[in-house]
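Numbers restart at 1 for each chain; the letters A, B, ... are given by sequence-line order, proteins then strands.
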2 protein chains.
Amino acid sequence: MTTASTSAPRWLTDEEQRVWRAYLHATTLLEDHFDRQLQRDAGMPHTYYGLLVQLSQAPRRRMRMTELARNAKITRSRLSHAIARLEKNGWVRREDCPSDKRGQNAVLTDDGLDMLRRSAPGHVEAVRQAMFDRLTDEQVKSLGEIMRTLATGLEPEGTDADLPWLR
Amino acid sequence: MTTASTSAPRWLTDEEQRVWRAYLHATTLLEDHFDRQLQRDAGMPHTYYGLLVQLSQAPRRRMRMTELARNAKITRSRLSHAIARLEKNGWVRREDCPSDKRGQNAVLTDDGLDMLRRSAPGHVEAVRQAMFDRLTDEQVKSLGEIMRTLATGLEPEGTDADLPWLR
DNA sequence: TCTATCTAGTTCAACTTTCAAGAAAAGGTC
DNA sequence: GACCTTTTCTTGAAAGTTGAACTAGATAGA
């Protein structure tokens, strides 16, 4: 048992507060920025775009729903809705999984691949402008380590963590 | 005029791709994590909680709508909906601005302050566990600089940038 | 003043996300 | 096989967000 609920809160220091605030500001602005860029240039939010990218890099341009959800760090429910929408656009289609009758594969269509090829250059440019062009090589390296640490912290191996794609 | 639309795309290097992916993974998981923690312990999403925090630190526990939107990096529309919901909960109330008849102040109520006091310890603990306990002092410092740089990049001073609270 | 423009905030409809519930197949255990 | 549990994915309703349209008040210029 922990005593967290009764012991004195370990408040954030001034520096920690500033860092936390900066983190929230930057991530909120970046999310807004890319959502708008992609809504304008590709007609979908950033999360949906990320799904198409995943599929484009998967063998045979297809992936099981749960694996796709795990890669995108989202719930299966959210993914179901997203794929339904992308299917309506003709960029993805569903396919029964041969080996498991419960399973579905999301498949990137030719139209979907075209859409991706058209919008990729603009999106990469946006990512560069907003992130990589502004950071030194040192900072990029550091950011990578930090983000890997934080991500790993929330999905520790071999545990019963509350992960979105298992809900 | 730029030639971005016709010149060869500056694709991301392997390292940059890994960093970008790690950034997306970490931020997605963290957002999900805090949204859930606060939904469970305070009955509201993280964005709403942040609004109450802002108000609690403002002079006379009140703030003009647009300023609150600017601090939270969100649109005024989104804020309107959020304040309406928080008002229904009794944690915030609206007040006409004396000096500008178009203006509204969002005011943190006593109930809102109580709610904040009750849930703050648990939330700080969650932030520590997920972020500060996992990073070295060096990394915290570096993260702060990086995030400040990125945030500043998206809201440069004295420009006509497309900022959420001006839309 | 009169008028045009801008700013502050809200509203509606469309879209996205969450949560709880459920159908169907798979995997164990007896 | 029969039974129970788990896994996979979907659904529908409620909650949250977006973008465009709108009201009302402020501002600036002729």
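A salt bridge links Arg128(B) to Glu16(A): at least one charged side-chain nitrogen sits closer than 4.0 Å to a carboxylate oxygen. Ion pairing between a basic and an acidic side chain is recognised when a charged N comes within 4.0 Å of a carboxylate O; Lys101(B) and Asp96(B) show no such pairing. Taking the charged nitrogens against the carboxylate oxygens, Arg10(A) and Asp133(B) do have a contact shorter than 4.0 Å, which makes a salt bridge.
Between the CD1 atom of Ile83(B) and the C1' atom of dT11(C) there is a distance of 16 Å, rounded to whole Å. Residue Arg40(B) contributes atom CZ, which lies 16 Å from atom C1' of dT18(C) at whole-angstrom precision. Note: CG (Leu51(B)) to C1' (dG16(D)) measures 13 Å, nearest angstrom. Protein atom CZ of Arg76(A) is 13 Å distant from nucleotide atom C1' of dC19(C), rounded to whole Å. Straight-line distance from the CD atom of Gln104(A) to the P atom of dA24(C): 14 Å, rounded to whole Å. We find that CG of Asp32(A) is positioned 8 Å from P of dG19(D), with the value rounded to whole Å. The distance between atom CG of Leu79(A) and atom C1' of dT18(C), rounded to the nearest whole Å, is 14 Å. A straight line from NE2 of His33(A) to P of dT17(D) spans 21 Å, rounded to a whole angstrom.
The side chain of Met65(A) sits closest to dT10(D) out of dA8(C), dT10(D), dT17(D). Which of dA25(C), dT11(C), dT10(D) sits closest to the side chain of Arg94(A) comes down to dT10(D). Checking dC9(D), dT16(C), dA25(C) against every side-chain atom of Asp100(A), the shortest atom distance belongs to dA25(C). Out of dT18(D), dC9(D), dA8(C), the shortest distance to the side chain of Arg64(A) is found at dC9(D). Considering only the side chain of Arg102(A), dT7(D) comes nearest among dA26(D), dT18(C), dT7(D). Comparing dG9(C), dC12(C), dT16(C) against the side chain of Ser77(B) picks out dC12(C) as the nearest.
Residue Arg78(A) places none of its side-chain N or O atoms closer than 4.0 Å to OP1 or OP2 of dT16(C).
Both Asp35(A) and Gly103(A) sit near DNA chain D, but only Gly103(A) has its closest nucleotide nearer the 5' end. In this structure, Gln39(A) and Asn105(A) both approach DNA chain D, and ranking their closest nucleotides by distance from the 5' end singles out Asn105(A). Residue-to-nucleotide proximity on DNA chain C shows that, of Arg85(A) and Arg36(B), the 5′-proximal contact is made by Arg85(A).
In terms of modelled atom types and a separation under 3.5 Å, the side chain of Asn105(A) and the main chain of Arg64(A) share a donor-acceptor contact.
Between His123(B) and His46(B), the angle of the ring planes lies from 30° to 60°, which puts this pair in the tilted group.
Between the side chain of His81(B) and the base of dC12(C) there is at least one donor-acceptor pair of N/O atoms closer than 3.5 Å.
Residue-level contact check: Ser80(A) touches the bases, meaning some heavy atom is under 4.0 Å from a base atom.
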